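Okay, so here's the structure we're looking at.
Since we're looking at a predicted model, the values are computed, not measured. A note on names: the letters A, B, ... follow the listed sequences, proteins ahead of strands, and every chain is numbered from 1.
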Amino acid sequence: MSADDLHAKMLEGPKAKLFTYAEVADLVDVAGEKLEAWIAELHNSSRVKVLEQGGQVMLQAVSIETADIVSKLTSDEYIVYNYIAESERDGIWVRTITARSNLHINVVHRCLKSLEQQHIIKMVKSVQQKTRKMYMLYNLQPSAELTGGPWFSDAELDSEFVDLLLDVVYHYCEENTNLALGANAPPVHVTDIKQFIVDQEVSRVELDEGHIRILCEVLVYDDRLERCKAGYKATLNGDLPDEELPKDAYTESVCGQCPVFNVCSAGGPVDVECSYFDEWLD
Amino acid sequence: MSELHNPDQSSRALFDLCRVLLKGIYGELSAVLVGSLLDYGRQTAAELAKTTKLPLSAVHSGLAALVQNRFVLYWANDRKSGRDTDDIGESSSIHYVANWKEIYQVVRAGGMVDAVRKDFGKGPGGKSNPESGERCAEIAQNLLVYGHMRVADYLEATPEHDRDSVEASIAVMLRKRFLVPVQAWQFKPETDLYARMFRDHLSKLPLSMAESARKNQAAVSAKTELERMQEERNSLNLGFVSGSVARTKGVPVLNRAEKLDHQAVLCANPDKFLVIARNEELAKLAEERCGKTAAEVYRQCLSKYVGRLHSCTQDTSPGAEFNITSMEIAKTIDPRLDGLRPRGKGSRSVSPRPQSKRVKTEEGYTKTGDYDEKEVDVEEDMEEELSGVALATAVSKQMQILAASPLKFVQSVGTKGGGEWYVNFKEATECLRGARYEQIIQWKYGRVAKRLLRAVKDKGKVDEKLLTNIALLPVKEILNHLHDLHSVGALDVQELPRTADRAASRTIFLWHHRANRAYSLISQDIYKSLSRCFERVAAERAKLPILLSKLQREDVKGHEDEFLTEQEKADLKGLRMREEKLLVQMNRLDGLIRVFRDY
């Protein structure tokens with residue numbers, strides 16, 4: 001038995017489990033000075049964290065890879081690293097680190113720089129707070145909240161991708177809307193659309209039904225789909241290009257498109273010599 | 001009631017339009033008088049003479065013509081007591097008020113005459129009867145020009161040999177409510193009538209009541225009295241001697257034996273025209289949304305309402321009086337109507353654009369261009385014309401398509417007679433307004449703006465962040481469009497400061513759509529557009545004063561071919577073409593005004 005065995009046994013339990021001294025002693029059936037020495041050894045090599053809970057000293061095992069990283073860090077870096085590691089996939093804002101750690105902002109920045117250079121952490125942009133610099137561990141993927149879900153790439157809404165998906169969804173619905181059956185025609189279900197998108201490998205990101213529903217709703221707002229019963233169906237004029245859509249009387253009239261409409265008034269100077277009217281009449 | 005309870009429609013653009021219309025059609029004098037009344041509010045003739053700097057006699061003669069057409073309403077006060085009075089004499093002072101509603105009707109005159117011609121142009125059984133159509137159209141036109149007329153006077157003015165047929169036509173038009181009797185109160189401002197009724201009712205209530213309760217009760221009774229008075233116009237026997245109303249199947253029908261009252265004073269009924277025009281507008285929307293076949297069925301369904309409704313504002317509810325069965329529709333529909341017949345199983349032939357459906361073949365879309373067309377054609381030849389129950393079933397199918405539309409064209413209310421349907425006009429016209437407004441927005445600001453508008457409409461109040469998630473658009477793009485929409489009144493914004501300093505960065509902006517405001521603002525633009533069009537007509541005419549005065553000469557009238565030079569003929573043709581284009585455009589713009597204001 002050695003300190004390594006103790007470490008392995010501590011890791012066997014659920015992740016991030018906290019042990020009291022007595023529990024540790026039970027694990028390896030050793031007590032007294034020997035145990036103290038082992039723990040000291042583990043602690044020195046950063047394989048065990050000492051924490052406090054409810055006024056009691058607790059021990060937590062750290063994986064060997066992490067211990068490797070941590071053992072190379074300075075004490076300040078270690079503090080900063082811990083906060084970042086805690087935040088997991090949600091990331092943490094620089095100012096939150098400063099506030100919690102009571103370190104000077106310059107110190108934090110220095111630590112972050114050094115950690116970043118060692119590829120231990122990385123900076124990510126948040127969709128919600130674009131100006132905030134968020135940090136998270138290098139090997140983690142940012143959470144959906146941070147990236148804004150499948151629609152975003154690099155914290156910017158990927159309009160082209162969205163438009164492509166909208167078109168695909170619309171065309172699928174259009175193909176599957178059976179106008180001949182009238183009101184009894186079965187609507188297109190979101191599940192089917194999702195399956196189609198998966199089958200056709202349209203998207204490199206994974207989309208769930210909620211995402212497809214959002215796309216459908218956008219198409220409803222575009223007046224290309226209609227909601228019906230438990231699904232959607234294509235509208236009649238949904239695929240007409242802009243120029244071919246029916247025009248209303250106001251748009252067709254001279255004043256509807258007139259660029260100086262707001263400065264024009266009854267009996268105004270543009271009256272008879274109005275070139276827009278001339279153009280329209282000829 | 002509308003004037004009392006609707007937000008005031010009066011506006012610069014509308015007043016300008018009134019002025020321009022009167023100037024073009026009834027001359028400078030009436031335009032100046034009405035203009036002054038619109039600008040300064042109610043005035044007596046003497047005050048009018050002062051503000052317009054016209055001699056009093058000119059003012060009087062101008063007002064007489066205006067009152068005849070109800071472009072100007074009057075109200076008499078007793079000079080001594082200050083009370084309003086019904087007898088107009090030396091001791092009363094008369095105030096005049098411009099009536100923009102009636103003035104605006106001038107734009108519609110052409111459309112109304114046309115509606116009459118169309119309706120009476122077809123005799124019973126769908127046979128065309130152009131002679132009767134023309135005669136009725138002429139009657140309508142005369143009444144529109146002169147405002148109102150007594151039946152006896154009108155008959156006296158018609159040549160002897162035509163009198164009988166004209167009388168019969170008037171009777172039919174009156175029966176179908178294309179003409180209505182004018183009543184004395186219609187020459188008086190509604191607000192004044194209401195105020196008088198309010199005063200009367202207030203004085204009758206005991207003083208022991210609480211003041212606010214007294215006022216409330218008086219207001220309620222005055223409102224009902226006014227409504228009852230206006231309701232009277234809709235009574236079917238008005239204008240007939242000893243008329244009595246019989247009811248068949250819950251629908252009031254006038255006894256055919258009634259005789260036209262020669263003493264009745266008649267005018268054209270704009271409400272009837274609105275009911276017909278509304279049907280057409282709804283059917284057009286149905287065609288855009290549900291296809292030609294469904295629209296035709298819908299048109300037939302709506303036409304059943306023409307006889308049952310006397311105005312667009314009438315309240316209706318599902319029931320025997322306002323329900324339409326598929327059988328009823330099937331009776332009048334053309335059984336050869338394309339798309340009614342059930343065709344090959346699963347074929348898309350009812351789709352209004354069966355051909356050239358898909359052209360795009362990349363990305364795995366299959367081409368469904370000519371979908372079994374040949375096969376369908378063969379079937380078509382073999383099938384016989386639909387009739388009876390089969391036709392009603394086909395009609396029901398189309399009605400179901402309409403009922404399923406989110407635009408609430410029609411509701412299914414039962415299964416009697418192959419399917420019972422009810423059109424909730426309030427909902428349907430609300431959808432119509434929304435659709436037309438969105439159309440304008442889309443053409444003005446593009447698809448994205450329309451998407452945002454519809455999203456905001458759907459969700460109520462939203463801030464930009466939520467809107468990006470709903471509409472899947474980047475914030476920057478959204479803000480530009482929101483600003484556009486805000487500038488035309490399509491969207492309103494509510495500021496919700498999170499801190500007391502009201503800094504923009506710490507404020508939540510909630511965008512929302514206020515339909516009435518948006519529609520009223522777009523109406524102003526349309527009014528302006530209308531008046532510009534009409535001014536342009538006048539300007540076009542002013543370009544050729546000599547030619548037009550030559551056309552007015554007695555010897556030239558009817559002999560234009562002989563007296564006009566080639567150049568003049570070409571000019572005239574050009575002028576007529578431009579006039580026509582402008583007037584047609586005005587008519588279409590009025591269609592939008594009807595949608596946003598009147599239906």
With a 4.0 Å cut-off, would you call Lys122(A) and Glu116(A) a salt bridge? no

Short question: side chain of Ser529(B), backbone of Ile526(B) - any donor-acceptor pair under 3.5 Å? no

Hey, are Asp458(B) and Tyr221(A) close enough side-chain-wise for a donor-acceptor pair under 3.5 Å? yes

Check whether Trp443(B) forms a cation-pi arrangement with Lys450(B) (NZ or CZ under 6.0 Å from the six-membered ring centre, at most 45° off the ring normal). no

Would you say the side chains of Asp208(A) and His211(A) form a donor-acceptor pair under 3.5 Å? yes

Quick check on Leu219(A) against chain B: is it the side chain, the backbone, both or neither that has a heavy atom closer than 4.5 Å? neither

Below 4.5 Å from any heavy atom of chain B, which atoms of Phe261(A) appear? Answer side chain, backbone, both or neither. both

Could you tell me which portion of Glu252(A) (side chain, backbone, both or neither) has an atom closer than 4.5 angstrom to a non-hydrogen atom of chain B? both

Pair Asp90(A)-Ser87(A), side-chain donor/acceptor within less than 3.5 Å: no

Which answer fits Asp223(A), side chain, backbone, both or neither, if we ask what part of it has an atom under 4.5 Å from a heavy atom of chain B? both

Largest heavy-atom contact set with chain B, pairs under 4.5 Å, which of Leu166(A), Val254(A), Leu245(A): Leu245(A)

So which part of Ser159(A) gets closer than 4.5 Å to some heavy atom of chain B, the side chain, the backbone, both or neither? side chain

When only pairs under 4.5 Å are counted, which of Leu281(A), Asp163(A), Thr251(A) shares the most heavy-atom pairs with chain B? Leu281(A)

